[in-house]
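Just so we're on the same page: letters track the sequence lines, and every chain starts at 1. Owing to the predicted nature of the structure, the values given are computational and were not obtained by experimental measurement.
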Number of protein chains: 2
Amino acid sequence: MKATINDVARLAGVSKKTVSRVINRSPLLSDATRERVQTVIDELGYVPNPQARALALGRNFLIGLIHDNPNSQMVLGVQQGILDALHGTDFELVVRPVDRRSPAMLDDVRAFLERQRLFGVVLLPPISENDALARLCEESGCRYTRMGSAMLDTPDRMVASDDQDAVKAATEYLIAQGHRRIGLVEGPQGFRSAKERRIGFEAALAEAGIDLPKGYMTQGDYTFASGLEAARRLLDRSPRPTAIFASNDEMAAGVLHAARQRGLSIPEDLSIVGFDDTAIAAHIWPPLSTVRWPILQMAYSAAVKLIGDAGDDDGPGKQSRFPSALVRRASVAPPPQE
Amino acid sequence: MKATINDVARLAGVSKKTVSRVINRSPLLSDATRERVQTVIDELGYVPNPQARALALGRNFLIGLIHDNPNSQMVLGVQQGILDALHGTDFELVVRPVDRRSPAMLDDVRAFLERQRLFGVVLLPPISENDALARLCEESGCRYTRMGSAMLDTPDRMVASDDQDAVKAATEYLIAQGHRRIGLVEGPQGFRSAKERRIGFEAALAEAGIDLPKGYMTQGDYTFASGLEAARRLLDRSPRPTAIFASNDEMAAGVLHAARQRGLSIPEDLSIVGFDDTAIAAHIWPPLSTVRWPILQMAYSAAVKLIGDAGDDDGPGKQSRFPSALVRRASVAPPPQE
DNA sequence: TTGTAGGCGTTATCAC
DNA sequence: GTGATAACGCCTACAA
């Protein structure tokens, strides 16, 4: 019912191999035959069977997205970016969540890669920070691109933002508004992004000569609930911080929640800055000042690095570092008079 | 390097076909051979190659998720539910967004299905409401499950909530609080969910004998921005509505935004109810009363219907109708005194 | 520049 | 019950 390479070969009066050469753009092929075969291909509406190719090549035309991520907005953004890059190609996207804490995680991924013979995978933070995982991909003969908050790998397999810089700038912005008592809701232990963001935060304070009291730095795990909890601790301090930087938007939303529960006005009594610029940032009230992670572009670039779109070597595909930008919204104001 | 069916056959002293029978749980097979072969399989850690199976069977071990959805939270929830169902099976999830408005949509999907030879697909609303699409899946020999707000297909290929009922209950709740001027932010034209929810809304009003003034029903497109716009129109009415039901949470967040911009207090001046119970509902301030769509369970069930988990015939897999529940949070209060 | 033979790892057919 | 043999549709080596 569906045309195969044999049908094309027969009708074009050539061998299967020649058709194969046309499909795979082999350079050693006369223009005449190429054209003749191509005509038949078009007439028949022939499309090579991916299953057969996968078997013959030992490689599937699938791109995997491997993640273990507490932030759903980010996962979706990445999917969107990858799909944009894959659009119009023969590749499809396979989603594979894993459990970072499971001792079987590496074995699971290995089994997955070896079974499915993926063409390549995109690794999302925080699991992208796991060097053993990257090594495993390589061993399994699977290309990979890691996404992260700092360069953890060679540029051809890495797409990175500079969180340290971005948070430094965000903190400087708070300082410029007059804030001196600035609380931090840090991300979870073991996350590179959490570390980078804290370093940026501390760097800004140090440069401004601000010496933070004990207890102004607290930790969350990138969830709303943890932001809520952390904010309660911070708001119990005396004197209270006049501004809080949360390491991601979800926790920032939690901070806002906690502040409201205490009857504080935002930004009059407390300024808040988040990180990521996910949808929630613009949708809560007041709109949240935050750092925009160019997630779509990063994911797009990650996918392009895998499938190697030769079409735009100087285009977005070649980029490895992506700067983040501060987005100023209504959640920041000068501190209240004392 | 990796064991194949031939290795197993040789070591077990049987033919390939016999090994194949063991893998596929063929009933006509002596227990003795089955056991012998199974031992070798375990020793070698043999796993059948999915690419080869796909070629031989003309069918891939992939489940597709086809969607064109304005609501990212929902897409993620569905992915989660499907992946839960697929966990521990040989199936993988392939994500395929499509453009509802493109004239080439159906052809694209057909090409996708015929090329990839998916085992089955889950269709998300609103595209799941497209009967031509369902027919196309069938023609392509691809199983499917549709998710939706009402039964649009036979129970074995449908997973449905009862939005009409749920919204009726939610509206009755507002009425019971004393509200009489209740605004509606309807979903977009052509969405079955929008229609069902409006019908439920109107039914509750009719039963309570409330005759809504013109202009209290307005339309959005399920986005935050459209909720904002619609709320502005509603709040311009005189007399102003004392409560607003928005057909999804994102629009409800927009309503809240618009109300705040006018300096209204929620819920003192205006009560708001949303629909979906996505993450944003609990994270905005005040927390949003909403209708919980059991999306994880529905998606789980949709996947089970595809892969036919015989393990739990009476379990969640068999279910086709899923009731929604009202979630009461702080965004609703009695109307202000006049 | 093109064609032939053989293989990728599995399942289906049909004898034994 | 079990096993040769031939698909499945494509690709690589090697030969011409």
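The side-chain heavy atoms of A:D156 and A:K305, taken from C-beta on, include no pair separated by under 4.5 Å. Between A:L93 and A:L86 the shortest side-chain heavy-atom distance falls below 4.5 Å. Here the side chains of B:R96 and B:L65 are not in contact, with every heavy-atom distance at 4.5 Å or above. Taking the side chain as every heavy atom from C-beta outward, B:S161 and B:W293 approach each other to under 4.5 Å.
A:N6 has its CG atom 12 Å from the P atom of C:dT4, to the nearest Å. Rounded to whole Å, the distance from CD1 on B:I5 to C1' on C:dG9 is 7 Å. A:R59 places its CZ atom 17 Å from the C1' atom of C:dG9, with the value rounded to the nearest Å. For the pair B:F61 CZ and C:dT11 C1', the computed distance is 11 Å after rounding to whole Å. Taking atom OH on B:Y46 and atom P on C:dG9, their separation rounds to 10 Å, with Å as the unit.
Annotation: the span from A:R100 atom CZ to A:E129 atom CD amounts to 9.0 Å, rounded to 0.5 Å. With rounding to the nearest 0.5 Å, the separation of CE in A:M74 from OH in A:Y222 is 9.0 Å. Interatomic distance, CG of A:N24 versus CG of A:L57, reported as 7.5 Å (0.5 Å rounding). Between the CD1 atom of A:I23 and the OH atom of A:Y46 there is a distance of 3.5 Å, given to the nearest 0.5 Å.
Counting non-hydrogen atoms under 4.0 angstrom, B:L55 reaches a base of the nucleic acid. Residue contacts for A:L57: at a heavy-atom cut-off of 4.0 Å it reaches the sugar-phosphate backbone alone, with no base atom in range.
Interface limits on DNA chain D: the 5'-most and 3'-most nucleotides within less than 4.0 Å of chain B heavy atoms are D:dG1 to D:dG9.
Where B:A52 and B:T33 each meet DNA chain D at their nearest nucleotide, the meeting point lying more 5' is that of B:T33.
The one candidate from A:L62, A:L118, A:L83, A:I63 that meets the side chain to side chain contact (heavy atoms under 4.5 Å, CB included) condition with A:F91 is A:I63.
Using a 4.0 Å cut-off on heavy atoms, the residues of residues 7-24 of chain A that approach DNA chain D are A:K16, A:K17, A:S20, A:N24, listed by number.
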